[in-house]
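What you are looking at is a predicted structure, and each value in this text was computed from that prediction instead of being measured. Heads up: numbering here begins at 1 and tracks the sequence.
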Amino acid sequence: KSAGRNTARFFDPVMQAAAVAHDELVKDLSRGFAAQEFVLQYQIQVDENGETTGAEALVRWKHPQRGLVPPIEFIPLAEETGLILPLGQWVLETACAQLREWAKDPDTHGWSMAVNVSALQFAQASFVEQISSAIQKTGINPRRLKLELTESMLVSDIADIITKMNLLKKQGVRFSLDDFGTGYSSLSNLKQLPLDQLKIDQSFVRDILSDPSDAIIARTIIVLGHSLGLKVIAEGVETAGQRDFLSVIGCVAFQGNYFGLPVFAHELNTKPSEPQDAV
Ligand code: C2E
Ligand code: MG
Ligand code: MG
Ligand code: MG
């Protein structure tokens, strides 16, 4: 901080160490992708009766030294380097292959699969083709595939986004707007986009029982979504109290650790819940 104006920041030892660490991580990330170290966990989504209706695919990096690395630690970097394109394609194909497995089992036949899509992926000219080919390759029912977009991607060419969404919707693919309420999307965007679902961000769910503003925002999103003919799901539900409150304000779809943590496919409970009187 006491360095003169002419001192190049590059020679700041802290900055330099950070730059080196960044470069190492970039290298490690592409090594990890080549070594097939990425894995998917799935977090269930449930209806008002607690029945599972599907799951969201969440990517993790199974690092040989660092263990299971959460996406927040590598998705931004993957977006910066462009690795998100092959990684996102891998996520999509792996999630579709899993969806195909669920479709074969009577217990999970009707489950849907939500897949997060980053802005860079969506912006590719070949995006629609990539989705179509993943659908064809795996033989899934496209109506069971739900692509999660974020509001941050709506700042780019909205006309192009709508064109691509409509092409995919013609095939049956559904769209959910993730982390709703935290981004920049205007209500006019919301009106134009051929969405199927809004996902109430977990930041509004966390304190919903104690913070009246959060409760009002959640309620408003539910009313807004339903008024526009959209489904609404709440994410980050951690307690029965939050679930009950959300039910009272009209929410009928939920996701969160209260219902199930993200787990590997073989760890999912795929049996429908027992009717109350049989317990
Ligand atoms: P998201 O899509 O909003 O996913 C929800 C995140 O909330 C997940 O974190 C999930 O584990 C976490 N979560 C779910 N229920 C609860 C709860 O009850 N309490 C709390 N505290 N957290 C809960 P995760 O898996 O760390 O993913 C973080 C973000 O990384 C995702 O947020 C998504 O934006 C991104 N991401 C994950 N997988 C992919 C992917 O395949 N592609 C892309 N582009 N982004 C991904
Ligand atoms: Mg998501
Ligand atoms: Mg979210
Ligand atoms: Mg989030």
Item checked: Candidate pair Leu85 and Gln121, rule side chain to side chain contact (heavy atoms under 4.5 Å, CB included), full reasoning -> CA-CA 6 Å; Leu85 299 181; Gln121 275 177 279; 4.2 Å; yes
Note to self: What verdict does the side chain to side chain contact (heavy atoms under 4.5 Å, CB included) test give for Thr81 and Ser30, after you've listed the backbone C-alpha separation in whole Å, the side-chain angles of each residue and the deciding distance to 0.1 Å?
What the structure shows: CA-CA 9 Å; Thr81 62; Ser30 71; over 6 Å; no
Next item on the list: Please test Ile75 against Glu79 for side chain to side chain contact (heavy atoms under 4.5 Å, CB included), starting from the C-alpha separation and ending with a verdict.
Entry: CA-CA 6 Å; Ile75 290 285; Glu79 285 177 336; 3.9 Å; yes
Next item on the list: Just do the salt bridge (Lys or Arg N to Asp or Glu O under 4.0 Å) check on Lys27 and Asp23 with the steps written out, would you?
Entry: CA-CA 6 Å; Lys27 273 188 223 150; Asp23 291 352; over 6 Å; no
Notebook entry, point to check: Do Leu268 and Val263 pass the side chain to side chain contact (heavy atoms under 4.5 Å, CB included) test, and can you show the C-alpha distance, the side-chain angles, and the key distance before you say yes or no?
Noted result: CA-CA 7 Å; Leu268 283 164; Val263 293; 3.7 Å; yes
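Remark: side-chain polar atoms of Glu151 are paired, donor with acceptor, to backbone N or O of Thr182 under 3.5 angstrom. In this structure a side-chain-to-backbone donor-acceptor pair under 3.5 Å is missing from Lys137 to Ala97. In this structure, the side chain of Asn49 does not engage the main chain of Glu51 through any donor-acceptor pair within 3.5 Å. In this structure, the side chain of Asp207 does not engage the main chain of Ser210 through any donor-acceptor pair within 3.5 Å.
Here the side chains of Leu154 and Leu177 are in contact, with some heavy-atom distance below 4.5 Å. Within the 4.5 Å cutoff, side-chain heavy atoms of Pro262 are placed close to those of Arg60. Using a 4.5 Å cut-off on side-chain heavy atoms (C-beta onward), Ile162 and Ile158 make contact. Between Asp178 and Leu149 the shortest side-chain heavy-atom distance does not fall below 4.5 Å. Between Met113 and Arg144 there is no side-chain heavy-atom pair separated by less than 4.5 Å. You'll find the side chain of Leu198 reaches within 4.5 Å of the side chain of Phe180, heavy atoms only.
Considering every non-hydrogen atom in both Asp107 and Asp105, the closest pair reads N-OD1, 2.8 Å. Summarising the geometry of Ile135 relative to Pro142, their closest heavy-atom pair is CD1-CB, 3.9 Å, with the distance given to 0.1 Å. Contact detail for Ile208 and Asp214: the closest heavy-atom pair is CA-CB, 4.3 Å. Considering all non-hydrogen atoms of both residues, Ser176 and Leu195 come closest at C-CD2, 4.3 Å. Between Thr138 and Ala134 the shortest heavy-atom distance is OG1-O, 2.6 Å. Of all non-hydrogen atoms in Ile221 and Val232, the two that sit nearest each other are O-CG2, 4.1 Å.
From Ile222, atom CD1 reaches atom CD1 of Ile233 across 11.5 Å, with rounding to the nearest 0.5 Å. Note that the CG atom of Leu92 and the CG atom of Leu147 stand 7.0 Å from one another [nearest 0.5 Å]. In this structure, CZ in Phe254 is found 9.0 Å from CD1 in Ile200, a value given to the nearest 0.5 Å. Expressed to the nearest 0.5 Å, how far CG of Leu168 lies from CZ of Arg174 amounts to 13.0 Å. Ile44 contributes atom CD1, which lies 11.0 Å from atom OG1 of Thr270 (distance to the nearest 0.5 angstrom). For the atom pair CD (Gln197) and OG (Ser112), the distance works out to 8.0 Å, reported to the nearest 0.5 Å.
Side-chain atoms of Gln202 and Asp179 include no donor-acceptor pair closer than 3.5 Å. In this model, a donor atom of one side chain and an acceptor atom of the other lie less than 3.5 Å apart for Gln255 and Gln43. In summary, the side chains of Glu80 and His22 do present a donor paired with an acceptor at a separation below 3.5 Å, with no hydrogens or angles considered. Under the 3.5 Å distance criterion, with hydrogens and angles disregarded, no donor-acceptor pair is assigned to the side chains of Gln242 and Glu238. Lys146 and Gln45 are linked by a side-chain donor-acceptor pair at a separation below 3.5 angstrom, with hydrogens and angles left out of the test.
The hydrophobic clustering, which links ILVMFWY residues whose side-chain heavy atoms are closer than 4.5 Å, places Phe204 and Leu187 together. In terms of hydrophobic clustering, with Ile, Leu, Val, Met, Phe, Trp and Tyr side chains grouped at heavy-atom distances under 4.5 Å, Leu246 and Val252 are assigned to different clusters. Placement of Leu190 and Val117 within a single hydrophobic cluster is found when ILVMFWY residues are connected by side-chain heavy-atom separations under 4.5 Å, directly or transitively. Grouping the Ile, Leu, Val, Met, Phe, Trp and Tyr side chains by contacts below 4.5 angstrom, directly or via other members, places Leu261 apart from Phe264. In this structure, Leu25 is a member of the same hydrophobic cluster as Ile84, with clusters built from ILVMFWY side-chain heavy atoms closer than 4.5 Å.
Counting heavy atoms of neighbouring residues, nucleotides and ligands inside a 6.0 Å radius, atom CZ of Arg143 does not exceed 12 of them. Within 6.0 Å of atom CD in Glu129, 12 or fewer heavy atoms from other residues, nucleotides or ligands are found, so the atom counts as exposed in its surroundings. The number of heavy atoms from other shown groups lying within 6.0 Å of NZ (Lys104) is above 12. Atom CG of Leu68 has more than 12 heavy atoms from other residues, nucleotides or ligands within 6.0 Å. Taking a 6.0 Å sphere around NZ of Lys231, one finds it holds 12 or fewer heavy atoms contributed by other residues, nucleotides or ligands.
For an aromatic pair to be called close, the ring centres must be under 6.0 Å apart, and Trp111 with Tyr42 fails this. Aromatic ring centres of Phe38 and Phe74 lie closer together than 6.0 Å.
Electrostatic pairing of Asp196 and Lys169 counts as a salt bridge here, judged by a charged N lying under 4.0 Å from a carboxylate O. Salt bridge status for Glu56 with Lys199: present, with a side-chain N to carboxylate O gap under 4.0 Å.
For the side-chain contact (heavy atoms from CB on, under 4.5 Å) with Gln171, the lone residue among Ile131, Val128, Leu145 that qualifies is Val128.
By the 30° and 60° cut-offs, the orientation of the rings of Phe175 relative to Phe122 is perpendicular. Between Trp61 and His63, the angle of the ring planes goes over 60°, which puts this pair in the perpendicular group of the 30/60° scheme.
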